[in-house]
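As structure tokens, the structure follows; a few thoughts come after it.
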Amino acid sequence: MSVHKTTPDFIIEVSWEVCNKVGGIYTVLSTRAKTILTKTDAQLMFIGPDLWKETANPLFKEDKRLMAGWRKKATEEGLNIRIGRWMIPGEPVAVLVDFTPYYNIKNDIYAEAWNLFKVDSLHAYGDYDEASMFSYAAAKVAESYYRNEIVKKAKTSQADNNCQLPKVIYQAHEWMTGLGALFLKHWIPSIATIFTTHATSIGRSIAGNMKPLYDYMEGYNGDQMADELNMQSKHSIEKQAAHRVDCFTTVSEITDRECAQLLEKKADVITVNGFEDDFVPKGAAFTAKRKEARKVMLNVASKLLGQEFADDTIIVSTGGRYEFRNKGIDILLESLNRLAHEPSLDRDVLAFINVPAWVKGPRMDLVERLQMKEESNCQLSIVNCQLENPVITHELYNMDDDKALSMMRAIGLNNAPESRVKVIFVPCYLNGDDGIFNLPYYDLLPGDDLAVYPSYYEPWGYTPLESVAFHVPTITTDLAGFGLWTNSLKGEYSQLEDGVKVIHRTDSNWDEAANEIKNSILAFTKMDAKMVTQLRRRAADISKKALWDKFVKYYLEAYEVALSK
């Protein structure tokens, strides 16, 4: 890529997930910030929602001395903001805004959005109002910062009032910030606007409603599907933002295909997601983490199932948001069930489904057993010591109609003592105090032997990328942006021997894909220690190619496109 001639002086990024850990966008922004600071000379500021008010937010440290003059001016303008640092690598400036006052004028805002941009807010429901009021408030913050801080300082630093104004980027992430990007572009055209969709709202909705997204992609009309699925308002913001901003970006080729069809606009730049691996332990520290993680996971399984597990037990895991079909939890359970009936399987496979559900709390019978001393325990080698419902570690509010539990009951995946394959549903956030494992997710991840993320809908896929960073060979699909990117490294389908196995998935090859996942796990159980070591090294090598210093060039390209307009 050529050297970028047009670079920003200021970058303002807006997301619901600034100082607010929800999902993958938090990972994108929080891991990229330091690289943006080191690779550009721009001043970087994030704007997020002030959801905590006076409550302490561990991700945000307020600094009342920071931009004190502008803070006073913004307050006089009616903005209720807190300025400080986002407690991530690089500690960038973060502004949290209270958006609730705008509810009082939301109908006026929506009317203006229709008149100016043809954004349809008439069918709004759910989180639409909350997101839109934040989006509007964030744009007001950016407008105030630009006029009172950037422009005034530029003019006072130069004698000529016709000075060249600084180049400013306003990047809005997801439909939740699109409305503000539209208003800001209208108010101050000299600010270069970028709108990034990490997953189209209508594409996710089509997939989530069990409709065939891919086989019939060319037959879908985004506006029509939005009407059918009651997604008109979110889709309207996303489509108008994609068409009207200075630069429209998305995160992968597969999502760009969605954008072209459903939003009728291809991305100007594909800004591939990277990450930083500075949280991955090295050397002896990693070995110790892996040993401890395996000990904890095998112990929980042992106490739940009433049997001992050998050290050579293959630990398999999946994780992420609880999107039963989109994340491929359904096809993974089917694959594990098929593996359980595979005659040639001669090693124990212990699979953990780590997806947070409607959790009530840890199972007290399991807690009690975990707290027992070995000598007083009920002879765990006896298989009939299995706890009741030995497939889940925590109680749910909806035990009877949970999708994962319902499917496991339906297909007979019940952890029968004689089965070589045991599946344990961990329906909680692994944040270190769940009451059963009491280790954070990143401390448990090194204990895995194999990770499986057989996604049906996955614009990028941080979970498989994190797994390979922790030296865990991983199975994913070509319906995930990460899977397609991995294939691009090799120029053909990546295989398990490469560290990442990419399964071909379509709307019509469920049976073949389930068998391929099953066969891949089976193949892994047959590998000797030397081969497994090679796979672990190759998996880690792949993660090194996805670091932000490799991918930041796409953002620089997006900045140039936006500023040129």
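Just so it is clear, the values below take in all heavy atoms, side chains as well, and ignore hydrogens, waters and symmetry mates.
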Set of residues satisfying side chain to side chain donor-acceptor pair (under 3.5 Å) with respect to Glu149, sequence neighbours excluded
Lys153
Answer yes when [X] and [Y] have at least one side-chain N-carboxylate O distance shorter than 4.0 Å, and no when they do not.
X: Arg147; Y: Glu143; answer: yes
X: Asp277; Y: Lys544; answer: yes
X: Lys266; Y: Asp256; answer: yes

Hey, can you tell me if [X] and [Y] have their rings parallel, tilted or perpendicular (30° and 60° cut-offs)?
X: Tyr145; Y: Phe10; result: perpendicular
X: Phe482; Y: Trp485; result: tilted
X: Phe551; Y: Trp548; result: perpendicular

Using the salt bridge (Lys or Arg N to Asp or Glu O under 4.0 Å) rule, collect all pairs that involve residues 445-465, keeping only residues at least two apart or in two chains.
Arg290-Asp449, Arg294-Asp449, Lys327-Glu458
Just checking, is any N or O donor in the side chain of Thr249 or Thr196 under 3.5 Å from an acceptor N or O on the other one?
yes
Cut-off 3.5 Å, side chains only: do Thr255 and Ser252 have a donor facing an acceptor?
yes
Can you list the residues that meet the ring-ring contact (aromatic ring centres under 6.0 Å, His included) rule with Tyr457, with sequence neighbours excluded?
none
Please identify each residue that fulfils ring-ring contact (aromatic ring centres under 6.0 Å, His included) with Tyr26, with sequence neighbours left out.
Trp86
Which atom pairs, donor and acceptor, lie under 3.5 Å between side-chain atoms of residues 176-191 and protein residues at least two apart or in another chain?
unit_1	atom_1	unit_2	atom_2	d
Thr177	OG1	His173	N	2.8
Thr177	OG1	His173	O	2.9
Thr177	OG1	Glu174	O	3.2
Lys185	NZ	Asp246	OD1	2.9
Ser190	OG	Tyr146	OH	3.0

What do you reckon, is CG of Asp41 surrounded by more than 12 foreign heavy atoms closer than 6.0 Å?
no
Report yes if the distance between the aromatic ring centroids of Tyr429 and Tyr441 is under 6.0 Å, otherwise no.
no
Mind jotting down which residue pairs meet the side-chain hydrogen bond (donor to acceptor under 3.5 Å, both in side chains) criterion with at least one end in residues 465-475? Sequence neighbours excluded, please.
Tyr442-Glu466, Tyr453-Ser467
Would you check, one step at a time, whether the test salt bridge (charged side-chain N to carboxylate O under 4.0 Å, His left out) holds for Lys289 with Asp443?
CA-CA 6 Å; Lys289 289 275 190 185; Asp443 284 351; 3.0 Å; yes
Interatomic spacing from NE2 in His198 to CZ in Arg204 - rounded to 0.5 Å
11.0 Å
side-chain contact (heavy atoms from CB on, under 4.5 Å) between Tyr214 and Ile254: does it pass, once the steps are laid out?
CA-CA 10 Å; Tyr214 302 102; Ile254 196 163; 3.9 Å; yes
